[in-house]
Amino acid sequence: MKLCSFYSMIQKMQRACCITFAVGVGTYLAFAFKIPHGYWIPLTILIIYIPPGQGNAIKRSSDRLLGTIYGLLLGFLFVKIFMYSNYHWGYLLPFIWIFTFYVYYITTEYWVLCIVIGMFIPIIMAMTSIFTEDIDSVLVSRIFCTAIAAILVLVAEFFIYKNISKHSARLKSNASALFNDMGKGLQILTDHLIEKKKVMNIPELVRLWERTSSFEKLHNTLIYEFEYKENSDEFFSYIFRETIKLCRVYRELICIVNNNDISEFKEAEQGLLKKVSDTISSKFYSMAIDDIEKNNFQASKDSLHENIFCLKKQYDKLSLMSLWCKNLSEIAIIADRLDSYIDTNIK
Amino acid sequence: MKVFYNICYNKIRQLDPLNEALLKALYVTFPSCLALGVWMYTRRPFDVLFVLLPTFMALLGFDYTSIYKRILVVFYIALLMGISGFIFCVLSQHRIYLLFCFCIITFLSFSFFYTVACRGLSLMVILFACAGGWYAGIYVFIETMIGFIITAIWIVIFDFLFYRYRMKTSLIAGMEIILQSYKTVTLGNSSASTINRYCDADYLTFEGSKCIAKDHHTFISKVLENDRDKLEYKLFSACLHINKLFEGKKSFSLKNNNYALFASNFYLEFIGLFRSITMFYEYDSVRGLFKSFSNQTEHIIYNIYLRLDNIVISMKQNTYLKNAAIEPVLYDKWKLDIEKKLEENSTSEKHLEQLYKTFYGLNCFISQLERLECFLASNTIRGYSYKEELKR
């Protein structure tokens, strides 16, 4: 597994350089030309890069621009038609604000959020300004700043460093966290099975939750990564499918542990069970860390399959333990497949 | 009128099953409104920042489940904003230095802490709007601290008011999902659309733009070709979403903490059901064999469905569970029949393994269901009953 080399520090710095360029130029323009409310330029740039939806800069920039224009138009109309005749209309603003936020959280459309912000911020600015600031000028400067910010983001994305907002950096850490948790989880489960304990108490569950949340993080990263069509889609799909399978098998193992009706384990069986789970866990740990421990695992790979075979033989008859062994071998196979697939596909 | 109400209610439930969107909208909007109210009442010449910052701060703290953590995060943000606002005001005459320092901070923070950098810097940038001078710097600091107090008060109020409600709705939604997926898996009734509604609404659309959510769906439908896999994945995602609510929850209120204890116990039973379902996802392929093994199979499967339905209804109506359709004799007979047939090893090895797994999964599901029924027979979804409180 070459997770560590997947996204290097240099790439992270390139990305940081690129964003710094966009933000720096934006701030400089705002300072040099004394643009009214010029801080909107760097603000917009930074908001476009906010994760998790920072990918797809074109879509986000255009959403931002269009949403702001619509929002400003709505705000302008509200102020000039309703509030102009009777300022009591202003008391409706909080309710409209709640409603539009509600629509945003239901639809999760970025442009809806831009409409909300575009509509209300200039109104509040005009209302709270110490000097009598005309709303028209606020609206014009808002559109101007948003347009400049969108242009800067696109320049950074296409001319300086392509795929600036790529999620690969997170892929490495999230995959590492998941594999670590998988290894830890398997050891916990085996101990619980042998000691006939249930995975019920809160600290245990929290530990297992961490595992699932690391899956969630990884899986989000994969999905966002999928947006970059130039990346190999098949690669991400493969990891996605395999991690889902892994989680399913783990869930089955937890179910077995919690409904364990095995009377007692012999010492030899316990040793074998622990040995197998430790070997698989060490495989996961090696996948999470780097190549160094991988060689050790290659050596123990044959013994792992041998041990699983021995376990299976012991529980040849249809029983809970045969299910457990089947799941263990499935985990070992998936881990193997994942490891070799990533090895051959990451260059 | 009632029909219209039902249509609206169902539509809203479809869009927002946990009412999370509504609560979040309220959570985001209220601090600003409170600040606007303070501004209007005091008639102090506050800056626009005073109105906007509370909302931003509250929004950044929303993801933290523990209230103490949330307030601490908001405090750190306020402190960062106050100090940086002060520095920006003082250095406002030396804009080139300011720009240089800001670029260095941006570069370093984006290199090492991407997520924090985006959020923190976007808040810091707003402070460029502040007027220059020492006096203005102190004024910005005070404004930010008042903003923090407003936000903290709102966070406590929000937690006190909606803590139990959020947990309760997520438990109900979770049980509904279990019911629907059980129906889909065992009864062969394609109610995937009902499952979809939970997943489409919020669970699968994590924060971000809809384009991502759409791509998400394209991705899922492309990667997972099998319908059963898609259903399983959606169920998993929904459970992950519900998990978040129960993770490290702590409230100021004793009543809320007591309820959290109750909800966690309930949740443990619920998650057990979810895990058991995983064992019999392939029920469809062995349905015929099960039927041939025991003529009671269909009856048992339908009986479990009714029991689940009963639980969901009692949860929605806040009542104790009555008439739990437990038929131990029938169930024991069915179990014996299947076990006997499995021992005979009359089918192929592959089928036998699958049969055993499904049978085991169903058994786990039934015992889990019994535990849940016992739990709900003495307690309603509102919390522990008086008897339970005394016992504890």
Side-chain angles (χ1 to χ4, degrees), chain A residues 12-13 15-17 19-20 23-24 27-28 31 37 39 42-43 46-47 49-53 56 59-60 63 94 97-98 101-102 105-110 121 124-125 128 130 169 200 202 206 209 212 216 220 223-224 226-227 237 240-241 244 247-248 251-252 254-255 258-259 318 323 326, chain B residues 15-16 21-22 24-26 28-29 33 39 45-48 51-52 95 99 102-103 106-107 110-111 114-115 118-119 121-122 125-126 128-129 205-213 215-216 219 222-223 232-233 236 240 243 247 264 268 272 275-276 278-279 342 352-353 356-357 360 364 367:
Chain A
K12 273 187 187 176
M13 288 196 166
R15 184 183 64 181
C17 267
I19 297 173
T20 311
V23 173
T27 318
Y28 177 75
F31 284 168
H37 308 292
Y39 66 91
L43 177 68
L46 287 166
I47 285 176
Y49 288 121
I50 282 185
N56 210 346
K59 176 77 184 159
R60 263 186 99 108
D63 271 3
W97 204 350
I98 290 178
F101 262 118
Y102 180 53
Y105 284 122
I106 280 177
T107 57
T108 58
E109 292 272 10
Y110 184 58
I121 290 183
I124 292 172
M125 289 195 115
T128 55
I130 305 166
M200 274 294 186
I202 298 292
V206 168
W209 278 338
T212 49
E216 192 189 0
N220 281 355
I223 281 159
Y224 294 129
F226 183 67
E227 287 180 12
S237 314
F240 185 80
R241 271 196 300 264
I244 281 189
C247 284
R248 182 197 295 165
R251 229 175 299 136
E252 286 182 14
I254 297 174
C255 192
N258 282 354
N259 297 279
L318 213 55
L323 263 185
K326 193 181 159 267
Chain B
L15 292 167
D16 184 19
L22 185 64
K24 207 170 174 182
L26 194 68
V28 168
T29 320
C33 295
W39 171 77
F46 284 122
D47 200 59
V48 67
V51 179
L52 296 180
R95 297 225 149 167
L99 181 63
F102 184 67
C103 283
T106 312
F107 176 74
F110 270 100
S111 301
Y114 189 92
T115 317
C118 277
R119 289 176 180 161
L121 289 173
S122 54
V125 155
I126 303 174
F128 282 142
T205 51
F206 302 100
E207 283 168 37
S209 68
K210 190 73 177 180
C211 73
I212 287 165
D215 273 11
H216 196 143
F219 180 79
K222 196 178 165 187
V223 174
E232 187 201 342
Y233 170 73
F236 181 39
L240 276 182
N243 268 354
E247 204 175 330
S264 307
L268 290 177
R275 284 180 195 136
S276 317
T278 318
M279 304 283 278
L342 280 173
L352 205 64
E353 228 173 48
Y356 182 76
K357 193 173 146 187
Y360 181 72
C364 294
S367 54

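Order of the sequence lines fixes the chain letters, A, B, ..., with proteins taken first and strands second; residue numbering starts at 1 for each chain.
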Interatomic distance, [X] atom [atom1] to [Y] atom [atom2] [nearest 0.5 angstrom]:
{"X": "A/I19", "Y": "B/T106", "atom1": "CD1", "atom2": "OG1", "answer": "9.5 Å"}
{"X": "B/C364", "Y": "A/N258", "atom1": "SG", "atom2": "CG", "answer": "9.0 Å"}
{"X": "B/R95", "Y": "A/T27", "atom1": "CZ", "atom2": "OG1", "answer": "10.5 Å"}

List the atom of [X], the atom of [Y], and the distance in Å for their closest heavy-atom pair.
{"X": "A/C17", "Y": "B/F107", "answer": "SG-CE1, 3.5 Å"}
{"X": "B/L99", "Y": "A/G24", "answer": "CD1-O, 3.8 Å"}
{"X": "B/S122", "Y": "A/L43", "answer": "O-CD1, 2.9 Å"}
{"X": "A/C255", "Y": "B/M279", "answer": "SG-CG, 3.9 Å"}

Do A/E252 and B/K357 sit within salt-bridge range, that is, some charged N less than 4.0 Å from a carboxylate O? yes
Under 4.5 Å to a heavy atom of chain B? For A/I98 that would be both
Option among A/F31, A/Y39, A/Y28 that satisfies the ring-ring contact (aromatic ring centres under 6.0 Å, His included) test with B/F128: A/F31
Proximal component of [X], with respect to chain A [non-hydrogen, under 4.5 Å]:
{"X": "B/Y360", "answer": "side chain"}
{"X": "B/C103", "answer": "both"}
{"X": "B/L121", "answer": "both"}

Most contact-rich option vs chain A, by heavy-atom pairs under 4.5 angstrom, among B/L26, B/T29, B/V28, is B/T29
Can you name the residues that form a side chain to side chain donor-acceptor pair (under 3.5 Å) with A/R248, not counting sequence neighbours? B/D229, B/E232
